Amino acid sequence: MPERPTERTGARRPGRVAAPRAGGEGPSGPPAASPPGRRALDPARFLEGLNPAQREAVVHGDGPLLVVAGAGSGKTTVLTNRIGYLIAERGMDPDRILAITFTNKAAREMKRRLASSLGPVAADMWVSTFHSACARMLRPYADRIGLPRSFTILQEDDCRRLLRDVTDDLGFDAKQLSVGGTKALISAAKNRLVGPRQSVVETNDARASARARIYAEYQQRMRRSGNVDFDDLLFDTVTLLRDHSDVLAHYQQRFDTVLVDEYQDTNRAQSALVELLVAGHRNLCCVGDGDQSIYGFRAADVGNILHFAETFPGTRTIVLDRNYRSTGTILDAANAVIANNDLRPEKNLWTDAGVGRQICVREADDGDDEAAWIADQADTLLKKGAKPGDIAVLCRAKAVARPIEAELVRRGIPSRTVGGIPFFERREVKDLLAYLRMVVNRDDELSFRRCVNVPKRAVGDSSIKKLRSFARSYALSIGQALDRRHEIDDLPSQAREGLDAFADLLDAAGSAAVAGGPAAALDVVLGDGAYLRELVAAARDAEEAQYREESVEQFLAIASDHSSIEEVVEMASLVTADDEDDDGSRVLLMTIHASKGLEFPHVFVPAMEEGIFPDRRCTEGAELEEERRLAYVAITRARRGLYLSHARQRRVLDQVRRPERSRFLDEIPTDLVDAMDQPMAASEHGVDRFATLKAQLGL
DNA sequence: GCGCAGATAGTTTTT
DNA sequence: CTATCTGCGC
């Protein structure tokens with residue numbers, strides 16, 4: 001049976017004790033056997049094994065609390081233990097705690113830990129990403145801001161498709177106004193809480209003002225079809241709370257305390273949301289590290305955390321700078337690199353874990369040589385007893401990972417690229433999702449266009465165009481136009497029949513969903529097998545056909561796990577990362593961004609070259625500092641071994657380049673680096689040392 | 001309205 | 001290099 005890509009909360013799993021670090025755990029009986037009821041919780045449990053600073057953060061009472069938590073300083077422990085302590089010691093109602101994380105993965109991990117220390121009550125807590133929390137708060141009141149409550153959330157590529165349409169329809173040249181650029185501009189505007197109107201006012205140059213007009217039209221069409229994009233979730237929720245004091249009051253009273261993880265990565269919209277929610281009681285605990293702010297490109301504002309105490313007067317600030325993760329050498333390197341940034345928090349990570357071994361820096365001939373070297377090193381580590389899951393390759397950009405993965409595959413080293421092809425981005429899954437969306441929200445024009453003729457129903461582009469222009473001339477949504485299709489006279493009869501069949505199918509799927517849930521609705525959609533036949537026919541080979549069929553099966557399995565179509569659709573929109581379990585059996589390849597919050601015994605960072613890392617567009621000012629923070633994040637993922645590499649020659653965009661080694665490499669003190677500046681194999685495994693020496697001597 | 005082939009543009013990082 | 005788009009013939 002194929003592994004399901006998602007998993008719901010681990011609340012029902014038998015729990016382990018939330019292990020406080022630093023092995024001071026007595027033999028005081030295993031609570032694992034029966035998760036304790038709330039009454040039975042002993043607050044002291046949440047302080048066990050914590051250092052003084054961590055303890056202080058856990059027991060802090062009312063009022064704003066900022067925990068500046070360096071990498072590997074036990075911040076997740078502090079956050080979860082604080083929640084446990086609030087419940088156990090202060091009798092706080094789990095149902096009235098809002099904990100916000102940045103990624104689904106982090107949310108899941110926190111839920112898991114809470115479930116194991118608190119038992120079933122943990123399931124009542126709101127532990128979610130900003131985007132999920134917003135969707136949840138927004139939906140019941142969506143009509144207040146002119147959105148149907150059945151609004152659906154658009155994926156990135158749907159947004160782009162819509163933007164392309166808008167760009168064309170307004171008569172702009174897509175070559176001069178790239179969709180990507182426009183999307184970035186709109187996204188930045190929304191994240192700074194700038195609406196279309198203000199955006200038009202703010203611009204002066206021609207290109208930006210064209211984009212502002214596109215923004216306005218894009219927004220209008222989104223509304224008309226009952227859609228929101230990711231950024232709208234934040235923007236609209238803030239608007240809702242700002243403009244509707246009764247709703248604001250409701251949510252302010254709903255939550256007794258709010259906790260936010262990774263606060264350095266919040267943007268203006270997110271911090272505004274938090275400020276609104278806690279304005280009454282000011283019970284807010286934010287955790288973060290300015291040095292790990294790596295989402296500036298997504299409008300994150302480090303200022304949110306750097307100026308936290310000014311925004312919330314009376315803030316208690318606690319710095320966690322004792323690192324429990326890495327060796328002294330790795331920390332020294334990280335500290336040395338980040339010290340080159342101007343704007344940063346007051347802190348320096350330290351450890352008493354010992355120096356550890358030196359950092360290995362390898363200069364490779366080219367990308368292939370680099371990949372071979374990494375595979376060699378990984379192989380050696382495995383032979384010495386490391387598990388594949390102890391090793392991670394962290395890349396600045398996804399493209400860098402490809403040749404490395406290929407090499408690992410060639411060598412038979414099990415590996416997995418995290419975030420490769422997300423499940424919900426697969427074509428067949430998107431097709432089926434479009435059907436579900438249409439059942440929930442018939443006005444969703446993009447979904448309509450996606451599935452109306454899949455499988456073929458003789459409703460081609462020109463028929464869709466007629467339907468759209470009919471809709472436009474009567475100010476109807478696409479769903480209303482569909483329902484009044486008989487009033488359109490110039491539709492070919494085949495298309496007419498196709499639309500009839502389509503509308504009937506949606507109705508049938510809708511009733512099936514009411515009776516038997518989302519899986520039943522999908523059964524109706526898949527009904528006569530036409531879709532599957534087409535899917536298989538379109539596949540290049542048998543392998544692809546099977547892969548696609550499996551996707552459909554998996555999607556059915558996911559659907560049958562949910563009680564309503566709405567739930568499936570929302571989950572699919574919000575869960576983006578692929579959630580396969582890491583069972584430690586594979587070397588992981590991922591972007592540095594994706595690695596935040598994780599740790600590995602051995603970390604490789606390839607392509608440490610000017611132009612790639614730092615990226616060629618980010619070589620000065622604030623952008624360079626963000627690149628440097630990224631390097632800091634990468635380095636601090638490593639527990640024991642750190643392997644940095646660069647190549648003298650690299651093919652980028654099919655061009656051969658000869659990049660300089662990254663300045664970040666030169667910011668690491670040379671005494672921390674393997675003395676020979678040669679393959680790790682040299683010092684670590686005697687065999688290769690002679691070969692290297694001989695090569696150097698020209699023998 | 002459909003399907004194929006060739007062109008083509010796009011590549012930082014993600015909820 | 002590769003997913004997506006355009007244009008052409010059917």
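Chain identifiers are assigned alphabetically (A, B, ...) following the order of the sequence lines, protein sequences preceding nucleic acid strands; residue numbering begins at 1 within each chain. In this text the structure is predicted, and so the values were computed from the model without any measurement.
- For Phe448(A), the ring-ring contact (aromatic ring centres under 6.0 Å, His included) criterion is met by Phe502(A), not counting sequence neighbours.
- Legend: residues meeting ring-ring contact (aromatic ring centres under 6.0 Å, His included) with Phe470(A), ordered by chain and number and at least two apart, are Tyr474(A).
- At least one donor-acceptor pair closer than 3.5 Å links the side chain of Thr182(A) to the backbone N or O of Ser178(A).
- As judged by a 4.0 angstrom heavy-atom cut-off over every strand, Ala458(A) is placed among residues touching the sugar-phosphate backbone only.
- Salt-bridge annotation for Arg221(A) and Asp165(A): absent, with no side-chain N of the basic residue lying under 4.0 Å from a carboxylate O of the acidic one.
- In this structure, Lys190(A) atom NZ and dT15(B) atom C1' are separated by 14 Å, rounded to whole Å.
- The distance between atom NZ of Lys183(A) and atom P of dT14(B), rounded to the nearest whole Å, is 14 Å.
- Ranked by how close their nearest DNA chain B nucleotide is to the 5' end, Val459(A) and Arg298(A) are led by Val459(A).
- Taking 4.0 angstrom as the limit, Thr591(A) places a side-chain polar atom (N or O) nearer than this to OP1 or OP2 of dT14(B).
- Residues satisfying the side chain to side chain contact (heavy atoms under 4.5 Å, CB included) criterion with Leu306(A), sequence neighbours excluded, are Val302(A), Leu343(A), Pro345(A).
- For Asp504(A), the CG atom is densely surrounded, since the number of other residues' heavy atoms within 6.0 Å is greater than 12.
- Taking every heavy atom of residues 617-625 of chain A and every atom of DNA chain B, pairs under 4.0 Å involve Arg617(A), Cys618(A), by number.
- In this entry the distance linking CZ of Arg629(A) with P of dT13(B) reads 18 Å, nearest Å.
- When the C1' atom of dT13(B) is taken as reference, atom CZ of Phe613(A) falls 10 Å away, rounded to whole Å.
- At dC2(B), one or more side-chain N or O atoms of Asn453(A) fall inside 4.0 Å of OP1 or OP2 (strictly under the cut-off).
- Across all strands, Arg160(A) comes closer than 4.0 Å only to sugar-phosphate atoms, never to a base (heavy-atom distances).
- Within the 4.0 angstrom heavy-atom criterion, only backbone atoms of the sugar-phosphate kind lie near Ser462(A); the bases stay farther away.
- For the pair Ile592(A) CD1 and dT13(B) C1', the interatomic distance rounds to 9 Å; values are reported in whole Å.
- Whole-Å rounding puts the Met571(A) CE to dT15(B) P distance at 15 Å.
- Atom name P, nucleotides dT6(C) and dT11(B): the rounded distance is 16 Å, in whole Å.
- For Gln494(A), the side chain to side chain contact (heavy atoms under 4.5 Å, CB included) partners two or more places apart in sequence, or in a different chain, are Ala458(A).
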Protein-nucleic acid N or O pairs under 3.5 Å, nucleotides 3-7 of chain B:
unit_1: dG3(B); atom_1: OP2; unit_2: Lys456(A); atom_2: NZ; d: 3.4

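- Contacts of Tyr295(A) classified as ring-ring contact (aromatic ring centres under 6.0 Å, His included), with partners at least two apart in sequence or in another chain: Phe297(A), His593(A).
- Residue Phe102(A) and nucleotide dT15(B) are not classified as a stacked aromatic pair, given the requirement of ring centres less than 5.5 Å apart at an interplanar angle below 30°.
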What protein N or O atoms touch nucleotides 2-10 of chain C N or O atoms at under 3.5 angstrom, if any, and at what distances?
unit_1: dC5(C); atom_1: OP1; unit_2: Arg164(A); atom_2: NH2; d: 3.2

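- Following rounding to the nearest Å, Phe130(A) (CZ) and dT14(B) (C1') show an atom-to-atom distance of 15 Å.
- In this view, Arg211(A) satisfies the salt bridge (charged side-chain N to carboxylate O under 4.0 Å, His left out) rule with no residue, not counting sequence neighbours.
- Scanning for side chain to side chain contact (heavy atoms under 4.5 Å, CB included) contacts around Ala188(A) gives Arg192(A), with sequence neighbours left out.
- Checking Ala495(A) against Tyr295(A), the closest nucleotide of DNA chain B that is more toward the 5' end is the one next to Ala495(A).
- Remark: Glu570(A) engages Arg139(A) in a side-chain hydrogen bond (donor to acceptor under 3.5 Å, both in side chains) (not counting sequence neighbours).
- At a threshold of 4.0 angstrom between heavy atoms, the contacts of Asp461(A) are confined to the sugar-phosphate backbone, with no base atom among them.
- For the pair Tyr632(A) OH and dT13(B) P, the computed distance is 24 Å after rounding to whole Å.
- A salt bridge links Arg113(A) with Glu109(A): the closest approach of a Lys/Arg side-chain nitrogen to an acidic carboxylate oxygen falls below 4.0 angstrom.
- Counting any heavy atom pair closer than 4.0 Å across all strands shown, Glu156(A) reaches a base atom.
- Applying the side chain to side chain contact (heavy atoms under 4.5 Å, CB included) criterion to Phe664(A), with sequence neighbours excluded, gives Met608(A), Phe613(A), Pro614(A), Leu624(A), Glu627(A), Arg628(A), Ala631(A), Ser662(A), Glu667(A).
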